[in-house]
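Scroll down for the structure; my scribbles are underneath it.
All chains are named by letter (A, B, ...) in the order of the sequence lines, taking the proteins before the strands, and each is independently numbered beginning at 1.
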Protein chains: 2
Amino acid sequence: MKPEDTGEDGGKARVLRADAQRSTDALLQAAKEVFAESGVDAPVREIAKRAGVGIGTVYRNFPKRSDLIAGVFRREVDVFAEAGQALAGSDAPFEALARWSGLYVDFLATKRGLGAALYSGDPAYEALPGYFRARLEPVVRDLLENAAAAGEVRKDVDPYELLRAIGSLSATAETGGAETARRMVGLLLDGLRYGVERG
Amino acid sequence: MKPEDTGEDGGKARVLRADAQRSTDALLQAAKEVFAESGVDAPVREIAKRAGVGIGTVYRNFPKRSDLIAGVFRREVDVFAEAGQALAGSDAPFEALARWSGLYVDFLATKRGLGAALYSGDPAYEALPGYFRARLEPVVRDLLENAAAAGEVRKDVDPYELLRAIGSLSATAETGGAETARRMVGLLLDGLRYGVERG
DNA sequence: GGATAAACGGAACGTTGCTCCGTTTAAATA
DNA sequence: TATTTAAACGGAGCAACGTTCCGTTTATCC
């Protein structure tokens with residue numbers, strides 16, 4: 001049971017009081033449930049209520065709305081990044097990339113509103129893209145470089161741009177079904193394969 | 001000077017009172033300006049203020065927020081649809097499709113928040129996708145069918161899906177620059193060309 | 001068992017989309 | 001032109017939201 005604070009500074013470990021730790025845990029759990037049911041735009045009050053905690057407590061632990069969202073998805077994104085690193089070792093690099101992309105589409109599809117929030121530019125969600133980028137860009141980079149080294153895709157595509165593009169296309173999954181998103185992402189990836197020789 | 005009501009029923013032409021006509025015009029003009037400055041999420045009160053009109057008047061003429069947005073962009077979308085139809089006559093069908101896509105990216109890039117609002121699924125913007133779809137899907141269909149008939153792209157892509165995909169990718173233009181969006185749309189279109197023979 | 005600072009909770013503020021209704025006014029009628 | 005009437009007006013008001021503020025409670029340390 002480490003202190004485990006909310007920020008990503010592993011440095012000066014401020015020891016949380018027991019009640020604070022409880023509140024943080026309850027909030028993350030409640031937020032996870034509420035996000036799953038009502039999307040990431042769910043009212044903060046609802047999350048506070050479900051956690052059995054006052055609104056003030058929410059904002060002390062998660063100063064911005066996006067901090068709460070980031071907190072909820074941090075572990076899941078981490079899991080995702082690991083899954084990607086595993087795939088990056090594949091000897092069928094393009095298929096690995098495609099598979100990972102499919103997983104990412106599904107991942108965002110089950111987190112209602114997350115895809116839209118990620119790249120909305122809304123300052124309320126400021127903290128989100130940073131964390132996602134930090135964790136997932138290296139994964140995409142690896143997958144992409146492997147596929148490029150194998151001559152399966154072109155080399156002139158920026159990993160972060162591709163990550164954003166997949167995320168954007170996944171945002172349509174919420175209103176149009178995940179199949180559409182998957183097809184469009186598939187199309188995008190096929191674009192990576194078009195004209196490889198001169199890429 | 002026809003009655004020119006707000007709805008799309010060309011039928012029973014309800015004659016607007018002169019002041020009502022003035023209000024509608026002023027609102028459309030004000031909304032256009034405000035949207036350009038602050039994006040489509042700008043407060044209704046601000047638009048009302050600039051138009052020199054009460055809030056009640058806004059909601060009588062445009063019951064939902066999206067009706068106002070649709071009203072503002074209606075003409076521009078129409079122009080867009082015409083430009084597409086012109087391109088559809090080209091004898092370089094894929095290039096026509098690519099060119100039109102580029103125009104669409106730029107179009108959405110200059111309308112801050114429109115891309116995000118279009119396919120957000122937010123009920124507040126309900127009326128938007130319908131109008132965009134009605135006007136633009138036939139265009140994409142033509143462009144796509146022409147290119148497919150020329151053997152330049154595959155045949156198994158749904159025009160509306162493609163339209164949405166381009167729109168979604170354009171949404172990233174607001175935070176990441178239009179170049180990124182254009183590159184990603186280019187990638188998507190290259191996907192259309194990948195493996196044509198078996199499409 | 002104090003002392004103290006950390007954590008708490010919720011009232012309150014400002015902003016938003018939208019409704020409601022008493023007031024004004026364009027325009028048809030006499 | 002005077003009267004009538006329904007269309008259009010404007011903005012107070014409502015509910016919901018994100019966020020701040022601060023008096024109260026409580027975990028922890030000595």
Side-chain angles (χ1 to χ4, degrees), chain A residues 1 3-7 12-28 30-31 34-35 38-70 113 117 120 122-128, chain B residues 1 3-7 12-28 30-31 34-35 38-70 113 117 120 122-128:
Chain A
M1 296 290 174
E4 186 173 12
D5 59 72
T6 314
K12 42 182 69 179
R14 293 205 17 75
V15 179
L16 282 186
R17 235 169 70 172
D19 52 353
Q21 184 62 253
R22 256 197 314 271
S23 291
T24 300
D25 292 346
L27 273 171
L28 283 174
V34 171
F35 287 162
S38 318
V40 296
D41 289 328
V44 175
R45 281 169 172 77
E46 193 183 330
I47 297 168
K49 189 177 175 185
R50 180 170 314 211
V53 141
I55 313 168
T57 300
V58 180
Y59 281 95
R60 198 169 334 92
N61 288 286
F62 304 96
K64 294 191 212 161
R65 197 186 165 59
S66 64
D67 294 324
L68 183 50
I69 303 180
S120 65
D122 188 329
Y125 298 111
E126 200 187 30
L128 273 175
Chain B
M1 297 291 174
E4 185 174 11
D5 60 74
T6 314
K12 41 182 70 180
R14 296 205 15 77
V15 179
L16 282 186
R17 238 169 66 172
D19 51 354
Q21 183 63 251
R22 256 196 315 271
S23 292
T24 299
D25 292 346
L27 274 172
L28 283 174
V34 171
F35 287 163
S38 317
V40 296
D41 288 328
V44 174
R45 281 169 170 78
E46 193 182 331
I47 297 168
K49 189 177 176 184
R50 181 171 314 210
V53 141
I55 313 168
T57 300
V58 180
Y59 281 96
R60 198 171 330 92
N61 288 286
F62 304 97
K64 293 191 213 159
R65 199 185 162 61
S66 63
D67 295 323
L68 183 51
I69 303 180
S120 64
D122 188 329
Y125 298 111
E126 200 188 30
L128 274 174

Rounded to the nearest Å, what distance is computed from the CG atom of residue Asp122(B) to the P atom of nucleotide dC17(D)?
-> 13 Å

In whole angstrom, give the distance that lies between atom NZ of Lys49(B) and atom P of dT15(C).
-> 12 Å

List in chain and number order the residues that pass side-chain contact (heavy atoms from CB on, under 4.5 Å) with Lys64(B), two or more places apart in sequence or in another chain; answer none if no residue qualifies.
-> Ser66(B), Asp67(B), Glu126(B)

Listing, residues 40-48 of chain B side-chain donor-acceptor contacts under 3.5 Å, not counting sequence neighbours, or none:
residue	atom	partner	partner atom	Å
Asp41(B)	OD1	Tyr125(B)	OH	2.5

Between dA16(D) atom P and Ile47(A) atom CD1, what is the distance in whole Å?
-> 17 Å

Not counting sequence neighbours, which residues clear salt bridge (Lys or Arg N to Asp or Glu O under 4.0 Å) with Arg60(A)? List them please.
-> none

How large an angle, rounded to 10°, do the end axes of the helix from dG1(C)-dC30(D) to dA30(C)-dT1(D) enclose when each is built from five base pairs?
-> 10°

Can you tell me if the side-chain N/O atoms of Thr57(B) get under 4.0 Å from OP1 or OP2 in dA8(D)?
-> no

Kindly say if Asn61(A) contacts the phosphate of dC8(C), meaning a side-chain N or O under 4.0 Å from OP1 or OP2.
-> yes

Considering residues at least two apart in sequence or located in another chain, which fulfil the side-chain contact (heavy atoms from CB on, under 4.5 Å) criterion with Ala26(B)?
-> Ala51(B)

Between CG on residue Leu16(B) and CG on residue Asn61(B), distance to nearest 0.5 Å = 7.5 Å

Residues passing the side-chain hydrogen bond (donor to acceptor under 3.5 Å, both in side chains) test with Asp19(A), sequence neighbours excluded, are Arg17(A)

Looking at Ser23(B), does any N or O in its side chain come under 4.0 Å of the phosphate oxygens OP1/OP2 on dC9(D)?
-> yes

Thr57(B) and Leu27(B): which non-hydrogen atoms are nearest, and at how many Å?
-> O-CD1, 4.2 Å

Encode nucleotides 18-30 of chain D as B, S and - characters from 5' to 3', where the letter depends on protein heavy atoms closer than 4.0 Å: B to the base, S only to sugar-phosphate, - to neither.
-> BBB-----BSS--

Separation of dC18(C) P from Glu126(B) CD (nearest whole Å) = 11 Å

note: Leu27(A), atom CG; dC8(C), atom C1'; distance rounded to Å ~ 12 Å

